[in-house]
Enquirer: 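Please read through the structure below; I'll follow up with questions.
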There are 2 protein chains.
Amino acid sequence: MKYPSAIEKLIESLRKYPGVGKKTAERYALFTVNRMNDESIDEIIESYQKIKEDIFQCPICGNITDTDPCYICKDESRNPRTMIVVEEAKDIIVVEKTNKYNGLYHVLNGVISPSDGIGPDDINLKSLLTRLQNKEIKEVILATNLNNEGETTANYISRLLEDTDILVTRIAHGIPAGGNIEYADEITIVKAIEGRRKL
Amino acid sequence: MKYPSAIEKLIESLRKYPGVGKKTAERYALFTVNRMNDESIDEIIESYQKIKEDIFQCPICGNITDTDPCYICKDESRNPRTMIVVEEAKDIIVVEKTNKYNGLYHVLNGVISPSDGIGPDDINLKSLLTRLQNKEIKEVILATNLNNEGETTANYISRLLEDTDILVTRIAHGIPAGGNIEYADEITIVKAIEGRRKL
């Protein structure tokens with residue numbers, strides 16, 4: 001029992017999504033065939049086409065955007081003295097959702113990872129340094145992830161900025177809200193102790 | 001914090017799939033933006049286009065197909081004396097996957113549902129009767145679902161064929177394999193008792 005090849009092809013396409021196995025892809029594909037009319041399918045096709053056509057990375061900060069520059073870079077009410085450096089554009093969304101940060105961002109589009117052959121020149125470091133020549137920026141908050149590559153990248157950037165007047169900070173790592181020490185991993189506990197504050 | 005409109009549009013499109021809520025649709029959309037290149041997106045677009053172009057219902061039985069007639073209707077090795085009547089084309093897939101049935105099918109494309117204004121003329125009954133004029137068919141197995149509409153439809157077809165030589169049967173309903181009586185619903189238990197067999 002095989003599906004017509006157009007259905008098999010759609011199943012294969014949808015399986016690329018995270019968490020979508022053969023069964024789920026099959027369910028989506030059959031729903032498309034059985035429950036969607038041409039109009040609904042056209043709407044999906046158009047959505048994907050618009051992603052291709054309209055979405056690009058902000059030439060200033062690397063954020064995902066459909067405007068040049070992105071809504072953050074063009075917002076003059078934002079604090080131009082602070083910049084959070086992240087690995088990926090989607091990390092910006094996580095911070096923005098908190099509504100607690102009003103500064104700028106810079107997306108590295110990766111991390112330094114010698115074992116994968118990714119060096120400092122392969123990520124958006126040059127554009128970061130160019131932006132930092134703007135004397136307005138007083139603090140760079142490094143928000144790369146807490147793993148070897150993220151730490152290496154944060155340390156590398158920190159050294160690059162050693163001789164400038166810019167304050168370089170690293171976001172705190174520790175036990176998460178609602179988290180139980182008992183279940184925290186070793187690295188998190190070490191970071192939590194290192195980052196302790198006087199009460 | 002809002003996404004660019006192309007991303008919002010894709011999220012809305014993907015939410016139409018069964019079991020896909022806002023969070024999952026968001027995850028798929030961001031994966032599309034962050035992890036897929038134009039080539040991968042083109043592949044998805046092409047998959048949907050092929051569904052629209054290549055897939056249609058078999059003019060004989062109503063099965064989902066990309067050939068006319070479908071692979072079942074054109075397979076001369078299948079038993080032309082038995083026909084399973086189902087509500088939807090996808091029900092054929094369920095039966096075919098068992099590899100235990102070698103007869104024909106007929107898809108009603110719906111069920112009689114007076115409360116939804118769907119009468120006998122609104123489903124593929126006329127084409128069923130035309131097919132049954134072929135004297136080869138000896139048995140019609142009604143495999144509509146076990147609910148009011150499915151039962152009404154099965155009874156209606158059964159009455160229509162009363163005066164013919166065709167044996168009209170209904171698939172068995174009862175406790176499923178691995179099912180526990182304790183957790184079975186009332187209708188299933190009633191059907192299981194009605195359908196009891198001598199051991």
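Hydrogens, waters and symmetry mates are skipped; everything else that's a heavy atom, side chains included, is used. All chains are named by letter (A, B, ...) in the order of the sequence lines, taking the proteins before the strands, and each is independently numbered beginning at 1. Predicted model only: the values in this text are computed from it and were never measured.
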Enquirer: How close do A:T65 and B:P4 get, counting heavy atoms only, and between which atoms?
Expert: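 Heavy atoms of A:T65 and B:P4 come nearest at CA-CG, 4.0 Å.
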Enquirer: A:L30 versus chain B, heavy atoms under 4.5 Å apart: side chain, backbone, both or neither?
Expert: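 Just the side chain, heavy atoms under 4.5 Å.
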Enquirer: If hydrophobic clusters are built by linking Ile, Leu, Val, Met, Phe, Trp and Tyr wherever their side-chain heavy atoms come under 4.5 Å apart, do B:V95 and B:L128 end up in the same one?
Expert: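 No; B:L128 is not reachable from B:V95 via cluster members.
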Enquirer: Between chain B and each of A:K50, A:K9, A:M36, count heavy-atom pairs under 4.5 Å; write down the option with the most.
Expert: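 Of the candidates given, the most pairs with chain B belong to A:K9.
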Enquirer: Same cluster or not: B:I92 versus B:M83, using hydrophobic residues (I, L, V, M, F, W, Y) connected whenever any side-chain heavy atoms lie under 4.5 Å apart?
Expert: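 Looking at the clustering, B:M83 is in a separate group from B:I92.
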Enquirer: Check the hydrophobic clustering (I, L, V, M, F, W, Y; side-chain heavy atoms under 4.5 Å; chains of links allowed) and say if A:Y71 and A:I84 are grouped together.
Expert: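 Yes, one cluster joins them.
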Enquirer: Is it the backbone or the side chain of A:E12 that comes under 4.5 Å from a heavy atom of chain B, or both, or neither?
Expert: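 No part of A:E12 comes within 4.5 Å of chain B.
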Enquirer: Taking B:K97 first and then A:E26, would you say they form a salt bridge - that is, a charged N and a carboxylate O separated by under 4.0 Å?
Expert: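 Between A:E26 and B:K97 there is a salt bridge, with a charged N closer than 4.0 Å to a carboxylate O.
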Enquirer: Can you tell me which portion of B:D38 sits under 4.5 Å from chain A's heavy atoms? Options are side chain, backbone, both or neither.
Expert: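 For B:D38, the contact with chain A is made by backbone and side chain together.
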Enquirer: Side chain, backbone, both or neither: which part of A:E88 has an atom under 4.5 Å from a heavy atom of chain B?
Expert: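 Side chain only.
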Enquirer: For A:L14, which atoms come within 4.5 Å of any heavy atom of chain B: side chain, backbone, both, or neither?
Expert: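 Only the side chain of A:L14 comes within 4.5 Å of chain B.
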Enquirer: Tell me the closest heavy-atom pair linking A:P18 and B:Y28, and the distance in Å.
Expert: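 Nearest pair, atom of A:P18 first, then B:Y28: O-CE2, 3.7 Å.
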Enquirer: Based on non-hydrogen pairs under 4.5 Å, which of B:N37, B:I11, B:I45, B:V33 is most in contact with chain A?
Expert: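 Maximum pair count with chain A is reached by B:I45.
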Enquirer: What part of A:Q49 gets within 4.5 angstrom of chain B, counting heavy atoms only: side chain, backbone, both, or neither?
Expert: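 The answer is both parts of A:Q49.
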Enquirer: Between A:V20, A:N109, A:I64, which shows the greatest number of heavy-atom pairs under 4.5 Å with chain B?
Expert: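 Between A:V20, A:N109, A:I64, the count favours A:I64.
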Enquirer: Take A:K52 and B:D42 through the test side-chain contact (heavy atoms from CB on, under 4.5 Å) and record every step on the way to the result.
Expert: CA-CA 9 Å; A:K52 266 178 53 190; B:D42 280 337; 2.4 Å; yes
Enquirer: Are there more than 12 heavy atoms of other residues, nucleotides or ligands under 6.0 Å from atom CG of B:D165?
Expert: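 Atom CG in B:D165 is not crowded, with 12 or fewer foreign heavy atoms closer than 6.0 Å.
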Enquirer: Does atom CG of A:L167 have more than 12 heavy-atom neighbours, drawn from other residues, nucleotides or ligands, at distances under 6.0 Å?
Expert: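 It does: A:L167 CG has more than 12 such atoms within range.
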Enquirer: In Å and rounded to the nearest 0.5 Å, what is the NZ to CZ distance from A:K90 to B:R27?
Expert: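 The NZ atom of A:K90 sits 10.5 Å away from the CZ atom of B:R27.
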Enquirer: Could you grab the distance from atom OH of B:Y17 to atom CZ of A:R35, nearest 0.5 Å is fine?
Expert: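 Separation between the atoms: 13.0 Å.
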Enquirer: Would a hydrophobic clustering, with Ile, Leu, Val, Met, Phe, Trp and Tyr connected at side-chain separations under 4.5 Å, put A:I112 with A:I157?
Expert: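 Cluster IDs for A:I112 and A:I157 match.
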Enquirer: Side-chain heavy atoms nearer than 4.5 Å, only ILVMFWY residues, links allowed to pass through others: does that put A:I141 and A:I72 together?
Expert: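 Same cluster: A:I141 reaches A:I72 through Ile, Leu, Val, Met, Phe, Trp or Tyr contacts under 4.5 Å.
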Enquirer: Relative to chain B, which segment of A:I55 carries a heavy atom at a distance below 4.5 Å: side chain, backbone, both, or neither?
Expert: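 Side chain only.
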Enquirer: Kindly check if the number of other-residue, nucleotide or ligand heavy atoms within 6.0 Å of CG (B:L129) is above 12?
Expert: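 Enclosed.
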Enquirer: Is A:N34 close to chain B through its backbone or its side chain, or both, or neither, when contacts mean heavy atoms under 4.5 Å?
Expert: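 The side chain, not the backbone.
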Enquirer: Working to the nearest 0.5 angstrom, can you tell me the gap between B:I7 CD1 and A:I93 CD1?
Expert: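 Here the rounded value is 6.5 Å.
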Enquirer: Within this structure, what is the CG-CD distance for the pair A:L10 and B:E43, rounded to the nearest 0.5 Å?
Expert: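 Reported value, rounded in 0.5 Å steps: 10.5 Å.
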Enquirer: Between B:E46 and chain A, which part of the residue has a heavy atom less than 4.5 Å away: side chain, backbone, both or neither?
Expert: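 Both backbone and side chain.
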Enquirer: Side chain, backbone, both or neither: which part of A:T67 has an atom under 4.5 Å from a heavy atom of chain B?
Expert: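 Contact with chain B involves no heavy atom of A:T67 at all.
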Enquirer: To the nearest 0.5 Å, what is the distance between OG (B:S13) and CD1 (A:I41)?
Expert: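 One gets 11.5 Å once the value is rounded to the nearest 0.5 Å.
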